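For the numbers below, each heavy atom of this structure counts, side chains included, while hydrogens, waters and symmetry mates do not. What you are looking at is a predicted structure, and each value in this text was computed from that prediction instead of being measured. For ligands, and for the atoms within them, numbers begin at 1 and follow the listed sequence.
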Amino acid sequence: MADIIVAIDGPAGSGKSSVSKAAARRLGFDYLDTGAAYRALAWYVLDRGIAPDNSDAVLASLGAFDYSISIDPSEPVVMVGDADVTDAIREPRVSSVVSAIARVPEVRTFVTGIFRSTIDAAPHPGIVVEGRDITTVVAPDADARILLTAAEEVRMARRSAELTTESAADVGEQLRSRDRADSRVVDFLTAADGVVTVDSTHLDFDQTVDAVLEVIARETTRTSHG
Ligand SMILES: Nc1ncnc2c1ncn2[C@@H]1O[C@H](COP(=O)(O)OP(=O)(O)O)[C@@H](O)[C@H]1O
Ligand SMILES: Nc1ccn([C@@H]2O[C@H](COP(=O)(O)OP(=O)(O)O)[C@@H](O)[C@H]2O)c(=O)n1
């Protein structure tokens with residue numbers, strides 16, 4: 001079991017994945033991208049020709065959903081069966097349906113079970129877990145709990161700088177609609193009690209990593225002293 005568990009939530013484009021990976025590397029921790037599980041299930045559903053909004057069919061497919069992910073922050077490989085879907089799950093066709101998958105309560109229970117077993121099995125010294133409901137549902141007792149956010153237009157600009165094949169307008173609209181859909185399922189825009197907010201709107205990448213590491217150091221020092 002990891003000695004230290006760090007939970008980082010936030011909306012799309014806030015920097016969760018890249019900042020969490022960088023923080024995990026700096027701390028020598030493992031890293032769990034929980035969004036990848038929802039994306040991999042969305043990919044799997046599309047691959048099986050199932051309509052993403054047909055929740056009964058999605059649930060019926062879970063039994064054969066053979067998901068695995070590396071928790072090495074330098075090499076987060078995502079597999080569904082023998083298929084390496086690390087890149088495919090980031091495609092817009094997957095991003096556009098993942099919220100429909102993620103809004104099904106039984107899907108959330110299923111993948112949350114996977115996340116908790118991964119956290120329990122993570123070796124010393126620690127693990128950084130990022131997503132939408134880590135600080136509130138998956139690991140509410142984490143040693144450090146952070147809400148990483150940034151102004152919507154900054155998040156849209158960062159995401160569209162990544163997805164160069166899509167127009168900034170399309171990326172922005174998709175990100176906004178996914179935020180809306182997601183926030184109906186999990187409130188990841190307001191920090192729950194005990195969760196520290198880091199707003200990276202005016203911070204560059206390194207400053208954001210430093211800010212997150214400072215919160216982790218402060219929260220884990222407090223925890224160890226009781
Ligand atoms: N504070 C920051 N300043 C500038 N770019 C950032 C910052 N944080 C993250 N990024 C960049 O923004 C993009 C989206 O970050 P990502 O980690 O994928 O966000 P999320 O996982 O929250 O959707 C990446 O290209 C990342 O390098
Ligand atoms: N813990 C989580 C993580 C992701 N998700 C869902 O999975 C989608 C993709 O998550 P992600 O973290 O890969 O998305 P980005 O914020 O990286 O764009 C989100 O839009 C949510 O619909 C969730 O519901 N709960």
| message | With a cutoff of 4.0 Å, is Gly35 in contact with ligand 1, counting heavy atoms of the residue only? | response |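 Gly35 does not count as a contact of ligand 1 under the 4.0 Å cut-off.
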
TODO: Please verify whether a non-hydrogen atom of Ser14 lies at under 4.0 Å from ligand 1.
DONE: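 It does; at least one heavy atom falls under 4.0 Å.
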
| field | Option nearest atom 24 (O) of ligand 2 (shortest heavy-atom distance, choices Glu162, Arg108, Arg178, Arg132) | value |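 Going through Glu162, Arg108, Arg178, Arg132 one by one, Arg108 has the nearest heavy atom to atom 24 (O) of ligand 2.
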
Review point. Heavy-atom distance to atom 19 (O) of ligand 1: which of Gly15, Ala12, Gly10, Ala157 wins?
Key: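 It is Gly15 that holds the nearest heavy atom.
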
Within ligand 1, which atoms have a heavy atom of Leu203 less than 4.0 Å away?
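Contacts of ligand 1 toward Leu203, numbered from 1: 1 (N), 2 (C), 3 (N).
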
Q.
Using a 4.0 Å cut-off to any heavy atom of Pro11, which atoms of ligand 1 qualify?
A.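 So the answer, numbered in order with elements, is 22 (O).
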
What is the nearest protein non-hydrogen atom to [atom], stated with its residue, atom name and distance?
{"atom": "atom 13 (O) of ligand 2", "answer": "Arg39 NE, 2.7 Å"}
{"atom": "atom 18 (O) of ligand 1", "answer": "Arg159 NH2, 3.1 Å"}
{"atom": "atom 10 (N) of ligand 1", "answer": "Arg158 CD, 3.9 Å"}
{"atom": "atom 26 (C) of ligand 1", "answer": "Ser18 OG, 3.5 Å"}
{"atom": "atom 16 (O) of ligand 2", "answer": "Lys16 NZ, 2.8 Å"}
{"atom": "atom 20 (O) of ligand 2", "answer": "Asp182 OD2, 2.6 Å"}
{"atom": "atom 25 (O) of ligand 1", "answer": "Glu162 CG, 3.3 Å"}
{"atom": "atom 7 (O) of ligand 2", "answer": "Tyr38 CB, 3.5 Å"}

Does any donor atom in the side chain of Asp143 or Thr220 lie under 3.5 Å from an acceptor atom in the other side chain?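 No - no donor-acceptor pair under 3.5 Å links their side chains.
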
Worksheet item: Distance only, no hydrogens: is a donor on one side chain within 3.5 Å (strictly under) of an acceptor on the other, for Asp120 and Ser117?
Response: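 Their side chains do not contain a donor-acceptor pair, so the 3.5 Å distance test is not met.
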
Do NZ/NE/NH1/NH2 and the carboxylate oxygens of [X] and [Y] come within less than 4.0 Å?
{"X": "Glu173", "Y": "Arg180", "value": "yes"}
{"X": "Arg90", "Y": "Asp33", "value": "yes"}
{"X": "Arg132", "Y": "Asp9", "value": "no"}
{"X": "Arg25", "Y": "Asp30", "value": "no"}

Could you tell me which atoms of ligand 2, counted from 1 in the order shown, lie closer than 4.0 angstrom to a heavy atom of [X]?
{"X": "Arg90", "answer": "13 (O)"}
{"X": "Val98", "answer": "7 (O), 8 (C)"}
{"X": "Gly35", "answer": "3 (C), 4 (C), 10 (O), 11 (P), 12 (O), 13 (O)"}
{"X": "Thr34", "answer": "1 (N), 2 (C), 3 (C)"}
{"X": "Ala102", "answer": "6 (C), 22 (O), 24 (O)"}
{"X": "Ser99", "answer": "22 (O)"}

Notebook entry, point to check: Which bit of Ala150 is near ligand 1, meaning a heavy atom under 4.0 Å away: side chain, backbone, both or neither?
Noted result: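 Neither part.
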
Checklist entry - Does Thr208 approach ligand 1 within less than 4.0 angstrom via side chain, backbone, both or neither, non-hydrogen atoms only? => result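 Under 4.0 Å from ligand 1, Thr208 contributes side-chain atoms alone.
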
Q: Identify which one of Phe65, Tyr67, Phe110 satisfies the side chain to side chain contact (heavy atoms under 4.5 Å, CB included) criterion when paired with Leu41.
A: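 Checked Phe65, Tyr67, Phe110 against Leu41; only one passes side chain to side chain contact (heavy atoms under 4.5 Å, CB included): Phe65.
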
field: Heteroatom distance test (Asp33, ligand 2): nitrogen or oxygen, under 3.5 angstrom
entry: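 Min N/O separation from ligand 2 is not below 3.5 Å for Asp33.
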
| said: Considering both backbone and side-chain atoms of Arg159, is one of its nitrogen or oxygen atoms within less than 3.5 Å of a nitrogen or oxygen in ligand 2? | reply: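 Yes, since at least one N or O of Arg159 sits under 3.5 Å from an N or O of ligand 2.
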
query: How long is the span from the OG atom in Ser95 to the CD atom in Glu166, to the nearest 0.5 Å?
result: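 Interatomic distance, Ser95 OG to Glu166 CD, rounded to 0.5 Å: 8.5 Å.
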
Indicate yes or no for a side-chain donor-acceptor contact from Asp47 to the backbone of Gly49 under 3.5 Å, with no hydrogens or angles considered.
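Absent.
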
- For Ser200 and Thr208, indicate whether the former's side chain and the latter's backbone hold a donor-acceptor pair under 3.5 Å.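 Not confirmed, Ser200 side chain does not pair with Thr208 backbone.
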
Check: Within the structure, does Val19 bring an N/O atom to less than 3.5 angstrom of an N/O atom in ligand 1?
Finding: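 Not met; the criterion fails.
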
Q.
If you measure every N or O of Ser17 against every N or O of ligand 1, does any of those distances drop under 3.5 Å?
A.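 Among all N and O atoms of Ser17, at least one is under 3.5 Å from an N or O of ligand 1.
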
Exercise. Taking it one step at a time, do Ser17 and Glu130 satisfy side-chain hydrogen bond (donor to acceptor under 3.5 Å, both in side chains)?
Worked result: CA-CA 7 Å; Ser17 303; Glu130 56 99 351; 2.8 Å; yes

